[in-house]
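Start at 1 and go down the list; that is how both ligands and their atoms are numbered. For the single chain, residues carry numbers from 1 onward in sequence order.
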Amino acid sequence: MTKKRALITGISGQDGSYLSEYLLDLDYEVHGIIRRLSVAENQDSRLKETCSNIETHYGDMSDIPSLTRVVSEVKPDEIYNLAAMSHVRISFDIPHYTIQTNAMGVLNILEAYRNIVPKAKFYQASSSEMFGNSVDEDGVQRLTTPMTPVSPYGCAKVLGFNLVRHYRHAYGLHACNGILFNHESPRRGANFVTNKVVKTAVHIKAGLTDKLELGNMDSKRDWGHSKDYVRAMHMIVNHDVPDEFIVATGQTNSVRDLCEYVFSKLDLDYKEHVVQNSKFMRPEELNYLKGDPSKAREVLKWEPEYTFETLLDDMIEYWQTKV
Ligand code: G4F
């Protein structure tokens, strides 16, 4: 039997690396698009263990000929569009680039998909950042919650989300949106708050540093594990009907709760080490996220294996092996 072929944009990111491992275990042929970086080792550093089993192709979400070439060469059965400028705070510094990559990039890959492999299935990495500060009366965000983004990142993701929905309806494509709430892992970039807190706390414990500088500690997020969320991506794409799903844990915690858990796990008091620095504040903040994953649970039978605590334990263990 011929193997299913997947093409992952953003394969070198946290989710791309876990998804490629997950699909290889399911016996897929996995292809991914990577951008050229001046430090070549950084292009695929998260893919070290699986590199030899993945075929990578140079491309960029803003380079239409490169997307057309890769989609034509690979002829994928499934496309996972994970490529994005993924840092919300940095999107305020580089709004144009963010819109080009996270919104126009979706249009570019959708066009390649529609014109070259319209029978393939398509997954779009949509984000809870699209909701901005909209919350339903019962304190959750669900598929019907209005999208009122509060960052260039969120604005771009709303356009990408709508384009995918529109292409599904207009052209009969199997194009799906997964609205994923925050998801983390030991592979998370060092400038996202979970990894920053865990890594610095472990360094404080080891006597390597003494202070952790943070921005807003009162914002709340619904944090899950990337490994659970890439499983959901595959389930969403392989559901009979192309559709939209929220992927979240349904639990919310503040940045302060995060500090409290991580530091106390290491027998430290976060209040003695954390200082606030306005440099890490955002011009407009998304204050509160708590997703309602009931549709994914009921329709896809998706369940997360990790909790907030076991996710952080996994990250702490990882950073302890690095000091
Ligand atoms: O870890 P964060 O940078 O993640 P954020 O902004 O929620 O975005 C992540 O989740 C989105 C899904 O909702 C994704 F779409 C997006 O790609 C990304 O994966 O910040 C979390 C919270 C924010 O409220 C931020 O203001 O932590 C607060 N925070 C406080 N101090 C900080 C810091 N965030 C960062 N990155 N660095 C700080 O020093």
Side-chain angles (χ1 to χ4, degrees), residues 10 13-16 18 81-94 98 101-103 105-106 124-135 140-141 145 147-161 177-185 187-201 211-226 229-230 232-233 246-249 251-260 262 270 273-291 293 308 311-312 315:
Q14 168 189 259
D15 292 357
Y18 282 121
N81 185 35
L82 312 187
M85 200 305 283
S86 65
H87 202 285
V88 174
R89 216 231 25 93
I90 296 172
S91 77
F92 291 95
D93 298 340
I94 47 171
T98 304
T101 308
N102 298 10
V106 182
Q124 167 62 16
S126 288
S127 161
S128 49
E129 186 71 21
M130 299 188 304
F131 293 117
N133 283 314
S134 294
V135 189
V140 298
Q141 286 95 5
T145 306
M147 292 180 182
T148 56
V150 293
S151 61
Y153 174 93
C155 293
K157 283 286 179 179
V158 172
L159 178 52
F161 173 88
N177 274 299
I179 304 181
L180 271 52
F181 282 57
N182 296 51
H183 46 286
E184 320 291 313
S185 75
R187 295 184 195 170
R188 190 51 143 155
N191 56 358
F192 290 89
V193 78
T194 52
N195 205 5
K196 185 172 170 184
V197 169
V198 173
K199 184 178 173 186
T200 313
K211 288 272 167 280
L212 167 61
E213 290 191 353
L214 290 178
N216 180 9
M217 295 183 69
D218 297 316
S219 60
K220 293 189 150 193
R221 292 290 184 271
D222 178 330
W223 278 295
H225 199 301
S226 173
Y229 288 40
V230 301
M233 292 176 190
I246 281 192
V247 182
T249 68
Q251 305 288 321
T252 188
N253 284 285
S254 66
V255 174
R256 199 176 300 282
D257 298 333
L258 164 69
C259 292
E260 191 146 12
V262 172
Y270 82 91
H273 302 280
V274 176
V275 288
Q276 281 193 296
N277 184 335
S278 57
K279 180 169 110 183
F280 299 109
M281 301 284 193
R282 297 164 186 202
E284 193 176 4
E285 175 67 281
L286 191 163
N287 300 311
Y288 172 96
L289 285 174
K290 182 178 170 189
F308 174 67
L311 158 69
L312 294 173
M315 296 176 74

F192 contact mode with ligand 1 (heavy-atom cut-off under 4.0 Å) | both
Are side-chain heavy atoms of H183 and W223 found at a separation under 4.5 Å?
-> no
Report the nearest protein non-hydrogen atom to atom 36 (N) of ligand 1: residue, atom name, distance rounded to 0.1 Å.
-> N191 O, 2.9 Å
So for L289 against ligand 1, with non-hydrogen atoms under 4.0 Å, the contacting part is side chain
heavy-atom search around atom 14 (C) of ligand 1 in the protein gives Y153 OH, 3.5 Å
So is H183 in contact with ligand 1, going by heavy-atom distances below 4.0 Å?
-> no
For ligand 1, is there an N or O atom under 3.5 Å from any N or O atom of E285?
-> yes
Using a 4.0 Å heavy-atom threshold (strictly under), name the region of M281 that reaches ligand 1: side chain, backbone, both or neither.
-> neither
Looking at atom 30 (C) of ligand 1, what's its closest protein heavy atom, distance included?
-> N216 O, 3.1 Å
Given the rule in the side chain to side chain contact (heavy atoms under 4.5 Å, CB included) test, do E129 and K157 qualify, once you have shown the distances and angles that lead to the verdict?
-> CA-CA 8 Å; E129 186 71 21; K157 283 286 179 179; 5.9 Å; no
Does the pair L214 and K196 meet the rule for a side chain to side chain contact (heavy atoms under 4.5 Å, CB included), with working shown?
-> CA-CA 9 Å; L214 290 178; K196 185 172 170 184; 4.2 Å; yes
Protein contact of atom 12 (C) of ligand 1 - nearest heavy atom, named by residue and atom, plus distance | S128 OG, 3.2 Å
heavy-atom search around atom 23 (C) of ligand 1 in the protein gives R221 NH2, 3.4 Å
Drop me the distance from N182's CG to K220's NZ, to the nearest 0.5 angstrom.
-> 14.0 Å
For residues E285 and N216, is any side-chain donor paired with an opposing acceptor at under 3.5 Å?
-> yes
Heteroatom proximity flag, V193 to ligand 1, N/O under 3.5 Å | yes
Using a 4.0 Å heavy-atom threshold (strictly under), name the region of K196 that reaches ligand 1: side chain, backbone, both or neither.
-> side chain
Short list, please: which atoms of ligand 1 are under 4.0 Å from a heavy atom of S127?
-> 11 (C), 12 (C), 13 (O), 14 (C), 15 (F)
Taking N or O atoms only and a 3.5 Å limit, does S219 qualify as a polar contact for ligand 1?
-> yes
Is it the side chain, the backbone, both or neither of R282 that has a heavy atom closer than 4.0 Å to ligand 1?
-> side chain
Pairwise side-chain contact, I94 with M85, heavy-atom cut-off 4.5 Å (strictly under) | yes
Any cation-pi pair here, R89 with F280, using under 6.0 Å and within 45°?
-> no
Side chains of V275 and L212 in contact at under 4.5 Å (non-hydrogen atoms) | no
Filtering T194, N182, L214 for the heavy atom nearest atom 4 (O) of ligand 1 leaves N182
Backbone or side chain, does any N or O of G215 fall under 3.5 Å from an N or O of ligand 1?
-> yes
Is the closest heavy atom of R188 to ligand 1 under 4.0 Å?
-> yes
For ligand 1, which atoms sit closer than 4.0 Å to a heavy atom of V88?
-> 6 (O), 8 (O)
Is H87 touching ligand 1 with its side chain, its backbone, both, or neither, if touching means heavy atoms under 4.0 Å apart?
-> side chain
